[in-house]
Amino acid sequence: EDNQCRRCQGNVSDDDSEDGKPLTARFSRKRTGGCSDQTVSALKKARPSDASDSSSVESEPKDEPEHDGRKKWSTLVHNGVVFPPPYKPHGVKMLYNGQPVDLTPEQEEVATMFAVMKDTEYASKETFINNFFTDWRKILGKTHVITKFELCDFTPIYEWHLSEKEKKKQMTSEEKKASREEKSQQDEKFMWAFVDGVKEKVGNFRVEPPGLFRGRGEHPKMGRLKRRIRPSDITINIGEEAPVPVCPIPGESWKEVKHDNTVTWLACWNDPINEKDIKYVFLAASSSLKGQSDKEKYEKARKLKDYIRSIRANYTKDFRSKDQRKKQIAVATYLIDKLALRAGDEKDEDEADTVGCCTLKVENVTCLPPNKLQFDFLGKDSIRYYNTVEVELAVYEAIKEFCAGKKKGGHVFDKLDTTKLNAHLKDLMPGLTAKVFRTYDASITLDTILNKETTDGTVDEKAKVYQRANKEVAIICNHQRAVPKSHDSQMNKLNEKIDELTVELEKANKLLSKKAKKRKLVGSDGDAKRRRKLTPEMLQKKLSQVETRIVETDNHKNNKEDLKTVALGTSKINYLDPRITVAWCKTHEVPIDRDKHFTVLNKLF
DNA sequence: TGCGGAACTTAGTAATCTGGCA
DNA sequence: TGCCAGATTACTAAGTTCCGCA
């Protein structure tokens with residue numbers, strides 16, 4: 001139960017099909033009935049540009065000075081943030097013990113927040129309900145008639161919410177367009193900032209509205225009331241010469257106005273759920289500031305290619321070090337390099353219990369003789385990482401030694417944390433941190449698959465190769481998603497389509513063989529007349545068309561099934577180096593703006 | 001050296017848009 | 001023309017890393 005992925009409760013089984021080559025092997029794992037039945041691989045084979053490949057050309061590591069980067073802008077002008085509209089009471093009464101109850105607008109607002117979540121998993125989670133009810137009762141007051149959650153019936157409010165949704169859906173396209181235009185007119189002013197005189201898009205200029213906290217996994221604070229943010233919570237960061245945005249709520253004012261040009265944020269406030277956490281308003285991903293830092297990220301990953309051989313030699317040497325700290329750093333670096341694991345910082349008690357490499361606990365790793373390790377833990381966003389891999393014998397022995405004598409909950413790497421690990425990595429390559437390995441792995445994989453698998457086919461076929469590379473990167477990074485709600489019905493439709501086409505194929509086949517026997521068919525009904533007109537050549541053509549459609553539909557179906565739990569978007573946005581994509585597009589004559597596969601390039605070009 | 005705050009990137013999901021097909 | 005599937009965008013939670021201070 002502890003290691004249950006938040007997406008599914010399915011069984012997971014391993015299909016030990018590794019080919020026995022630790023560093024270059026394709027590590028595979030299969031799920032049966034679990035939320036990821038795709039082959040999840042670290043895809044370590046065939047990395048032509050990887051330094052482990054003796055044929056690769058290795059350039060001398062060059063120590064480039066980190067550019068100082070303290071000053072991010074000289075002038076910054078913007079219009080502040082947009083606040084959500086004040087709550088509009090609907091007056092629909094919920095039931096308590098079967099009776100309608102009166103609620104003040106403030107009480108009704110929180111009740112509505114809960115009611116509209118009826119069809120989500122949160123609504124049935126004990127922690128969520130308890131946290132919501134505790135916070136709601138503070139607003140209801142000690143003397144309120146509502147004292148027990150079990151007697152609350154939010155259905156009338158939920159039904160009101162459904163009817164509002166339906167009304168919105170029923171709006172004519174003109175009405176929808178008008179409301180869209182009105183909104184974008186209101187937003188226009190806040191949507192842009194001027195950075196050093198250049199107009200740039202602002203990312204999240206809307207202040208987060210009040211709601212119930214939707215923490216992921218088994219988050220102890222889920223359901224807590226996230227209160228409304230007021231201007232007095234907000235710090236504005238703006239150029240000294242720029243006019244300070246007018247506070248949009250009459251009678252209120254900003255918490256503070258700063259002119260800090262060493263940071264890129266335009267506004268910030270403390271998160272009401274975790275007061276020590278800060279929420280920021282940044283520029284959009286398409287802005288030059290974000291684009292620049294993205295470019296630096298990919299450049300760093302590219303630089304790692306020049307250092308990777310010496311880094312691997314370094315950690316391999318330390319697998320047998322007598323210095324336990326050195327040994328742990330070596331093994332942890334090996335795992336991060338080979339499996340693209342995250343660093344894994346310590347977590348507070350009031351967060352979901354997830355781990356990364358440095359925080360792996362003894363129960364997260366099982367040693368399977370002679371030299372396999374089985375990882376089973378909840379990572380970022382409480383997404384399960386389950387993988388069985390063959391490792392170097394020295395790594396296997398070291399992990400066994402690190403775990404020996406430790407109780408459940410004990411850290412595998414007890415002499416290590418992310419600061420120590422990153423400090424060591426920086427000694428090996430300037431600017432190197434644990435997360436660079438993920439970007440590096442993604443780049444190598446994308447480049448390898450694109451170069452290896454692209455043939456002289458159609459643009460569509462080439463785009464499929466790109467999608468496959470995207471998928472492999474997503475699998476390496478363990479980017480998973482919940483099975484789409486409509487998945488089953490879509491699969492049924494595709495099955496029905498295949499059945500229909502198969503019947504059509506059989507009919508055409510029969511007709512063709514009849515024609516072959518007898519050139520003329522005699523019949524009285526319209527269908528027979530129509531069939532009479534078909535020549536064997538026409539039938540043959542139709543036959544091959546239907547066959548092609550069956551194959552295409554079947555491929556489409558298999559692809560959909562294959563990708564049902566793979567989230568492609570994250571790797572597309574954060575891991576696929578656009579320069580690799582552009583180079584491939586140019587080499588293989590794929591128009592860059594051909595379709596949306598490549599809209600991510602807007603970030604850099 | 002360790003800690004914690006600050007700043008930023010990475011992440012999955014829901015809402016929305018869009019283009020192709022019946 | 002309306003529907004549907006697939007893709008994008010918006011939202012915000014959850015990570016990583018940096019940096020200053022004791």
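Lettering of chains follows the sequences in order, A, B, ..., and the numbering in each one begins at 1.
Under the 4.0 Å criterion applied to side-chain N and carboxylate O atoms, Arg468(A) and Glu472(A) are assigned as salt-bridge partners. We find that Asp348(A) and Lys276(A) are joined by a salt bridge, their nearest charged nitrogen and carboxylate oxygen being less than 4.0 Å apart. Under a 4.0 Å N-O distance rule, the pair Glu496(A)/Lys493(A) does not qualify as a salt bridge. In summary, Lys297(A) and Asp294(A) engage in a salt bridge, as defined by a charged side-chain N under 4.0 Å from a carboxylate O. Glu299(A) and Arg579(A) are joined by a salt bridge, as a carboxylate oxygen and a charged side-chain nitrogen come within less than 4.0 angstrom of each other.
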**OP:** Output, in order, the C-alpha distance, side-chain angles, deciding distance and verdict of side-chain contact (heavy atoms from CB on, under 4.5 Å) for Glu188(A) and Trp192(A).
**Re:** CA-CA 7 Å; Glu188(A) 179 65 22; Trp192(A) 306 97; 3.1 Å; yes
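With rounding to whole Å, Asp381(A) atom CG is found 17 Å from dT9(B) atom P. Taking atom CZ of Arg549(A) as the reference point, atom P of dA22(B) lies 7 Å away to the nearest angstrom. The separation between Met117(A) atom CE and dA15(B) atom P is 11 Å, rounded to whole Å. As a whole-Å value, the separation of Lys295(A) NZ from dC8(B) C1' is 20 Å. In this entry the distance linking NE2 of His487(A) with P of dA5(C) reads 12 Å, nearest Å. For Arg214(A) and dG12(B), the CZ to C1' distance is 13 Å, given to the nearest whole Å. Straight-line distance from the CD1 atom of Ile573(A) to the P atom of dT13(B): 14 Å, rounded to whole Å. Distance CZ (Arg216(A)) to C1' (dA11(B)): 6 Å, rounded to an integer number of Å.
Of the two residues near DNA chain B, Lys420(A) and Lys497(A), the one whose nearest nucleotide lies more 5' is Lys420(A). Residues Asp417(A) and Arg180(A) each lie close to DNA chain B; by heavy-atom proximity, the contact nearer the 5' end of the strand is made by Asp417(A). Ranked by how close their nearest DNA chain C nucleotide is to the 5' end, Val207(A) and Lys493(A) are led by Lys493(A). Mapping Gln490(A) and Lys226(A) onto DNA chain C via the closest heavy atom, the residue that lands nearer the 5' end is Gln490(A).
At dT8(C), one or more side-chain N or O atoms of Lys572(A) fall inside 4.0 Å of OP1 or OP2 (strictly under the cut-off). Checking the phosphate oxygens (OP1, OP2) of dA7(B), no side-chain nitrogen or oxygen of Lys72(A) falls inside 4.0 Å. Between Lys560(A) and dA5(C) there is no side-chain N or O to OP1 or OP2 distance below 4.0 Å. Checking the phosphate oxygens (OP1, OP2) of dA13(C), no side-chain nitrogen or oxygen of His219(A) falls inside 4.0 Å. Between dT16(B) and Lys168(A), a contact under 4.0 Å exists linking OP1 or OP2 to a side-chain N or O. In terms of phosphate contacts, Lys435(A) brings a side-chain nitrogen or oxygen within less than 4.0 Å of OP1 or OP2 of dT10(B). Within the 4.0 Å cut-off from OP1 or OP2 of dT10(B), not a single side-chain nitrogen or oxygen of Thr570(A) is found. Thr433(A) has a side-chain polar atom (N or O) that falls below the 4.0 Å cut-off from OP1 or OP2 of dT17(C). Using a 4.0 Å cut-off, some side-chain N or O of Tyr575(A) falls inside it from OP1 or OP2 of dA11(B).
For Lys290(A), the listed nucleotide lying nearest its side chain is dT9(B); candidates were dG12(B), dT9(B), dC17(B). Comparing dT9(B), dA13(C), dA6(B) by their nearest atom to the side chain of Ile278(A) picks out dA6(B). Side-chain atoms of Arg206(A) lie closest to dC11(C) of the nucleotides dC11(C), dA14(C), dT9(B). For His556(A), taking side-chain heavy atoms from C-beta onward, the closest of the listed nucleotides dT9(B), dT17(C), dG6(C) is dG6(C). Counting only heavy atoms from C-beta on, Arg342(A) has its side chain closest to dG15(C) among dT12(C), dG15(C), dT17(C). When distances are taken from the side chain of Asn204(A) to each of dT12(C), dT17(C), dC17(B), the shortest belongs to dT12(C). The side chain of Ala434(A) lies closest to dT17(C), out of dC18(C), dG12(B), dT17(C). When each of dA13(C), dT9(B), dA5(C) is scored by its nearest atom to the side-chain atoms of Phe213(A), the top-ranked nucleotide is dA13(C). With distances taken from any side-chain atom of Ala482(A) to the nucleotides dA7(B), dG12(B), dT13(B), the minimum falls on dT13(B). For Ser293(A), the side-chain atoms get nearest to dT9(B) when compared with the rest of dT17(C), dA11(B), dT9(B).
Heavy atoms of other residues, nucleotides or ligands lying less than 6.0 angstrom from CD of Glu126(A) number 12 at most. Other residues, nucleotides and ligands contribute more than 12 heavy atoms inside 6.0 Å of the NZ atom of Lys426(A).
Within 3.5 Å, a donor on the side chain of Lys380(A) pairs with an acceptor on the base of dT10(B), or the reverse.
Among residues two or more places apart in sequence or in another chain, the ring pair (Phe, Tyr, Trp, His ring centres under 6.0 Å) test is passed with Phe213(A) by His219(A).
Counting heavy atoms from C-beta outward, Ile229(A) and Glu208(A) have side chains that stay 4.5 Å or more apart. Between Thr433(A) and Lys300(A) the shortest side-chain heavy-atom distance does not fall below 4.5 Å. Between Asn261(A) and Leu76(A) there is no side-chain heavy-atom pair separated by less than 4.5 Å.
Within 4.0 Å (heavy atoms only), Asn422(A) reaches sugar-phosphate atoms of the nucleic acid but no base atom. Within the 4.0 angstrom heavy-atom criterion, no nucleotide atom of any strand lies near Lys201(A). Across all strands, Gly203(A) comes closer than 4.0 Å to no nucleic acid atom at all (heavy-atom distances). Here Pro209(A) lies in heavy-atom contact (under 4.0 Å) with sugar-phosphate atoms only.
Partner of Asp233(A) under the salt bridge (Lys or Arg N to Asp or Glu O under 4.0 Å) criterion, chosen from Lys279(A), Arg228(A), Arg227(A), Lys255(A): Arg227(A).
Residues from residues 346-356 of chain A lying near DNA chain B, meaning a heavy-atom separation below 4.0 Å, are absent. Listed in residue order, the members of residues 263-276 of chain A having a heavy atom less than 4.0 Å from DNA chain B are Val263(A), Thr264(A), Trp265(A), Lys276(A).
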